[in-house]
Protein chains: 2
Amino acid sequence: MTVQRADARRNYARILAVAEEEVAAHGADASLEQIARTAGVGSATVRRHFPGRRALLEAVFSERIEALCARAAELAGAADARAALLDWLGALTTYAASARGMADALVQDGMDDPEHVNACSAKLTGAADPLLRHATRAGAVAPGVTTADLITLVTGIVLVTEHHPDPAAEAHRLLGLTMEGVSPRR
Amino acid sequence: MTVQRADARRNYARILAVAEEEVAAHGADASLEQIARTAGVGSATVRRHFPGRRALLEAVFSERIEALCARAAELAGAADARAALLDWLGALTTYAASARGMADALVQDGMDDPEHVNACSAKLTGAADPLLRHATRAGAVAPGVTTADLITLVTGIVLVTEHHPDPAAEAHRLLGLTMEGVSPRR
DNA sequence: TACGATACGGAGGGCCCCGCCATTTAGCAA
DNA sequence: TTGCTAAATGGCGGGGCCCTCCGTATCGTA
């Protein structure tokens, strides 16, 4: 595996493009064979470039992940640490809710393979960590809350609202409840 | 369908028993064929008694659902409405977390078939409604929160903690955060 | 006991995931 | 240009699962 051949790179891009559409249409359960068929390649080629459905989903959502990391960087220096955190979590929710299957990609993340912590949640966690730290230092976040907790909660909310008539709106509403507290101690 | 034949009832019970084990072991994705094989019946018989995986899951979890409804009734007249609500949500979390697949059964609930609102969430919602009303009247719950919201949130939390080393503990921790508020307004 | 209605289960089709291996093809060197 | 080799491909077969159909076995009753 010196540099990867040109045709291999072509196929990679081709498959990825098809996969994006297919995942958008059918969620995380999109058929790998269907993707191969649409891309005009053999099913073996798909699995060669993306070993396992997980790898494919990671690749498909990597752009969005990057965008979210960038957004986190933007918000890192904001004056209102709490607002910045909520803003970012809202953005995460929007992204995840709009992309069928992204939540599934996140939930199975970091647990499947023993070592190989999935790149998705790892990147997100790293990017959002400063936001949480600032907010915590400002006393705006309950003690003991980790970045992973935040992402996990959002993931759960998105997962469970996936079949809702208006997923994004419902997800944001539930996110608001979770942040403010459903039943805050007086 | 006059009264259902004796052997049919026998098979029903047999399949249900096997299904409970199988679902406990493999979650909501348990193979219907595997269940049939283990039960010693044809796969057609399984789907005759339980048309679709949903029906099977409903049957499998119905006992737990009943137990939760009973618990809600017990707590309905408690002095501390907020504590009662939190108690019940904790119980729901415990049950759902201990039964692999119960959360999945709940999440797809009420959305799949257009009319046929699934019996699972319907029963739970009905049973928990009084608890929420009491708590709301006591001002212990944020305005606009519905019983369905509560169950949805718990479902999401359980779903997303399913692959955690200690699912129940993690689920309860996140539930606590959600109730108290991750980032409550000062 | 004999006869319907009821329930059963095996077979077959469709779809999917996976691994294998013979064949093609890109990229480099003579 | 022409070979040559390693990389890349994709068709094929195996194993599963889900689902439907239909001939057959069984129950419950007359």
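Here the structure is a predicted model, which is why all the values come from computation and not from measurement. Residue numbers begin at 1 in each chain, while the letters A, B, ... track the order of the sequences.
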Strictly below 4.0 Å, heavy-atom distances to any atom of DNA chain D: list the hits from residues 6-25 of chain A, or just say none.
A:A8, A:N11
Provide the full list of ring pair (Phe, Tyr, Trp, His ring centres under 6.0 Å) pairs with a residue in residues 33-52 of chain A, sequence neighbours left out, each pair given once.
A:Y12-A:H49, A:Y12-A:F50
Side-chain donor or acceptor of B:W88 paired with backbone N/O of B:A76 under 3.5 Å:
no
Quick one: which protein N/O atoms are closer than 3.5 Å to N/O atoms of nucleotides 10-14 of chain C? Pair and distance per line, please.
none

According to side-chain contact (heavy atoms from CB on, under 4.5 Å), who are the partners of B:E66, at least two apart in sequence or on a separate chain?
B:K123
Every protein N/O within reach of nucleotides 23-25 of chain D N/O, cut-off under 3.5 Å:
none

For B:L32 and A:G40, find the nucleotide of DNA chain D closest to each by heavy atoms; which residue's nucleotide sits nearer the 5' end?
A:G40
Whether A:R47 contacts D:dG10 is assessed here as follows: a side-chain N or O lying under 4.0 Å from the phosphate OP1 or OP2. Is that the case?
no
Side-chain N or O of B:H49 closer than 4.0 Å to phosphate OP1/OP2 of C:dA7:
no
Give me each pair satisfying ring pair (Phe, Tyr, Trp, His ring centres under 6.0 Å) with a member in residues 55-86 of chain A, each pair once, sequence neighbours excluded.
none
Whether the side chain of B:D87 engages the backbone of B:A84 through a donor-acceptor N/O pair (distance < 3.5 Å, no angle test) should be reported.
no
Looking only at the side chains, is there a donor atom on one of A:E58 and A:S62 sitting less than 3.5 Å from an acceptor on the other?
no
With no hydrogens and no angle check, do the side chains of B:D149 and B:T152 hold a donor and an acceptor under 3.5 Å apart?
no
